[in-house]
Amino acid sequence: MCGRTACTLASDEVSRACSYRDRGGQRRRPRWRDGDADKYRPSYNKSPQSTSPVLLSQRHFDKDAPVDECVLASMRWGLVPAWFKENDPKKMQYSTNNCRSENILEKKTYKDPLIKGQRCVILADGFYEWKRHAKDKQPFFIYFPQTQEKTEDDDPATSAGNKEDSETVCPPEEASPDLTEGGEALGEWTGWKLLTMAGLFDCWTPPGGGEALYTYSVITVSASLNLESIHDRMPAVLDGEEEVRRWLDFGEVKSLEAMKLLQSKNSLTFHPVSSLVNNSRNNSPECLQPVDLNSKKETKPTASSKMMMSWLTSSAPSKRKEPTCESKEEPESKKGALHEWLQGANKKPRIK
């Protein structure tokens with residue numbers, strides 16, 4: 001299953017992080033659907049019913065757009081089918097946060113969006129999963145292995161890349177010019193490599209009329225060999241730009257062919273984190289902090305987790321949007337502590 005994620009990039013960073021190549025081979029940076037960039041809120045601890053950045057074909061919103069043109073949208077986690085007759089989506093009697101790949105064609109809730117080509121990619125830094133041990137549950141943060149390309153702003157002492165975690169963030173740029181819609185040169189993204197999860201979405205409109213609600217479900221598969229000790233299910237991960245392209249391109253890749261992409265993949269890494277993440281109201285970098293399961297103290301970081309912490313304590317926080325808790329009950333005092341963390345304050349994180 002997948003019941004909690006993190007996505008800490010600001011809206012402009014999300015767009016840069018999921019640049020793609022169209023059928024013609026030109027790299028493009030997806031724009032946000034009108035108004036959706038403002039609806040998106042970065043968070044270290046996203047739970048169902050919150051909004052997340054989702055990548056999908058622009059054709060779903062504009063019938064004249066090329067089917068391979070991608071757009072970013074903010075969608076609510078937990079699919080509400082278009083045929084739902086109640087006037088309040090909270091009245092749904094069953095959970096649609098996850099959709100088992102084996103059952104897609106058996107349930108109308110998921111079969112209808114699949115047949116209509118309503119495939120999307122849910123973007124996140126990674127997801128949390130809990131491993132049961134006796135009466136306790138230990139949370140883990142699971143994500144793509146990270147490398148960090150060296151830039152002029154990098155501090156050699158904090159560079160997290162190494163050859164063992166050699167997943168590249170994006171393919172190297174080709175000699176042909178790649179431009180943004182504004183005509184500016186499109187550089188390679190060297191920040192956090194986003195996890196790309198296959199999903200289905202639907203659009204529900206209240207029976208009495210009103211604003212359309214876009215929602216999604218994360219497709220799950222059997223856990224890979226390296227994750228099955230934590231949980232028996234995992235999100236269907238799309239590994240690499242080509243898999244993302246094929247999942248989104250419903251014009252070229254038909255539903256049954258696209259479903260072949262829904263496989264268990266042994267391509268993720270993970271580390272244990274504090275029980276702080278157990279409460280969805282907790283929203284700070286401490287949720288992602290690696291811990292030592294024996295001492296509950298800060299553990300020796302791996303190359304990937306080191307890059308994560310280096311990214312969170314970026315030397316250019318002015319370019320990043322401060323994540324805020326999506327719960328209205330978060331005390332204002334937490335925002336100050338989070339701001340200090342992102343500024344690189346020399347305070348040891350509190351680990352529970």
Side-chain angles (χ1 to χ4, degrees), residues 1-9 14 17-21 30 46 48 52-57 70 72 75 77 79 97-104 110 114 118-131 139-147 165-171 189 191-201 216-250 253 255 257-271 273 288 302 304-305 307-308:
M1 62 176 294
C2 177
R4 205 74 65 76
T5 66
C7 192
T8 64
L9 273 64
V14 173
C18 60
S19 65
Y20 66 98
R21 292 191 183 278
K46 282 186 173 291
S52 295
V54 171
L55 190 68
L56 67 163
S57 170
C70 293
L72 285 164
M75 293 191 186
W77 188 358
L79 189 146
N97 303 327
N98 294 165
C99 165
R100 296 175 67 95
S101 62
E102 304 90 333
N103 300 338
I104 290 179
Y110 308 118
L114 180 70
Q118 293 172 187
R119 310 193 299 251
C120 64
V121 175
I122 299 94
L123 304 168
D125 295 6
F127 70 99
Y128 298 98
E129 192 55 85
W130 282 259
K131 178 179 180 180
F140 288 81
F141 186 59
I142 306 171
Y143 51 100
F144 273 139
Q146 303 288 315
T147 60
D165 277 337
S166 58
E167 290 273 352
T168 55
V169 176
C170 310
W189 172 250
W192 187 261
K193 180 182 179 181
L194 289 175
L195 186 63
T196 43
M197 300 176 284
L200 295 172
F201 76 92
Y216 70 86
S217 180
V218 177
I219 299 175
T220 65
V221 295
S222 297
S224 58
L225 292 177
N226 69 326
L227 295 181
E228 60 184 7
S229 64
I230 299 176
H231 199 277
D232 62 348
R233 305 289 295 181
M234 66 178 289
V237 173
L238 300 167
D239 195 356
E241 287 191 22
E242 179 60 16
E243 289 195 4
V244 169
R245 185 195 70 79
R246 290 181 60 78
W247 179 252
L248 295 182
D249 194 344
F250 65 94
V253 184
S255 298
E257 186 66 22
M259 288 183 64
K260 295 178 182 178
L261 296 169
L262 307 177
Q263 303 290 332
S264 301
K265 296 185 176 69
N266 208 40
S267 57
L268 303 181
T269 188
F270 58 88
H271 63 252
V273 294
L288 302 177
T302 63
S304 291
S305 64
M307 185 200 167
M308 176 186 67

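We count residues from 1, following the sequence as given. Quantities reported herein were computed from a predicted structural model and do not represent experimental measurements.
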### Message
I'd like to check L72 versus V54 (side-chain heavy atoms, cut-off strictly below 4.5 Å). Are they in contact?
### Response
no

#### Entry: Shortest non-hydrogen contact between L225 and E228, atoms and distance
O-CG, 3.4 Å

### Task
Return the minimal non-hydrogen interatomic distance between R119 and V253, and the atom names on each side.
NH2-O, 2.8 Å

### Query
From F201 CZ over to L56 CG, what is the distance, rounded to the nearest 0.5 angstrom?
5.0 Å

### Query
Which heavy-atom pair separates L195 from I142 by the least distance, and what is that distance?
CD2-O, 4.3 Å

### Query
S255 side chain to L114 main-chain N or O, any donor-acceptor pair under 3.5 Å?
yes

### Member of M234, M197, R233 meeting the side-chain contact (heavy atoms from CB on, under 4.5 Å) criterion with T220
R233

### Polar side-chain atom of N226 near backbone of L268 as donor-acceptor pair, under 3.5 Å
yes

### Query
Of the non-hydrogen atoms in P30 and S19, which two are nearest, and what is the gap between them?
CD-CA, 4.0 Å

### Query
After noting the C-alpha distance and the side-chain angles of N103 and Y110, does the key distance pass the side chain to side chain contact (heavy atoms under 4.5 Å, CB included) rule?
CA-CA 8 Å; N103 300 338; Y110 308 118; over 6 Å; no

#### Entry: Under 3.5 Å donor-acceptor, E241 side chain and Y20 backbone
no

### Task
Decide yes or no on side chain to side chain contact (heavy atoms under 4.5 Å, CB included) for Y143 and H271, but give the supporting numbers first.
CA-CA 9 Å; Y143 51 100; H271 63 252; 2.9 Å; yes

### Task
Specify whether Y128 and F141 have parallel, tilted or perpendicular ring planes, treating 30° as the upper limit for parallel and 60° as the lower limit for perpendicular.
tilted

### Task
Given side chain to side chain contact (heavy atoms under 4.5 Å, CB included), test K265 with E243 step by step and report yes or no.
CA-CA 12 Å; K265 296 185 176 69; E243 289 195 4; 3.1 Å; yes

#### Entry: Side-chain donor/acceptor of Q146 to backbone N/O of W192, under 3.5 Å
no

### Close side-chain approach of K131 to F140, heavy-atom, < 4.5 Å
yes

### Query
Is there a salt bridge (charged side-chain N to carboxylate O under 4.0 Å, His left out) between R245 and E242 once you walk through the steps?
CA-CA 5 Å; R245 185 195 70 79; E242 179 60 16; 3.0 Å; yes

### Query
If you round to the nearest 0.5 Å, how far is SG of C120 from CE of M75?
6.0 Å

### Task
Could you grab the distance from atom CG of L227 to atom CG of D232, nearest 0.5 Å is fine?
11.5 Å

### Distance, nearest 0.5 Å, that separates CG of D249 from OG of S57
7.0 Å

### Message
Please check: side-chain N/O of N97 versus main-chain N/O of G3, any donor-acceptor pairing under 3.5 Å?
### Response
no

### Task
Search all heavy atoms of A6 against all heavy atoms of L288 and return the closest pair with its distance.
CB-CD2, 4.1 Å

## Note on the structure
In L261, I219, I122, L55, the residue satisfying side-chain contact (heavy atoms from CB on, under 4.5 Å) with L238 is L261

### Summary
For W130 and P139 the tightest heavy-atom approach is NE1-CB, 3.4 Å

### Query
So how far is it from C70 SG to R21 CZ, rounded to the nearest 0.5 Å?
13.5 Å

### Query
How many angstroms lie between atom CD1 of I104 and atom CG of L262, to the nearest 0.5 angstrom?
5.5 Å

### Query
Just by modelled atom types, is the V221 backbone N or O under 3.5 Å from a matching donor or acceptor in the S101 side chain?
no

### Query
Can you check side chain to side chain contact (heavy atoms under 4.5 Å, CB included) on D125 and L194, steps first, answer last?
CA-CA 5 Å; D125 295 6; L194 289 175; 3.6 Å; yes

### Query
Counting only N and O atoms by type, is there a donor-acceptor contact under 3.5 Å from the side chain of T5 to the main-chain atoms of A124?
no

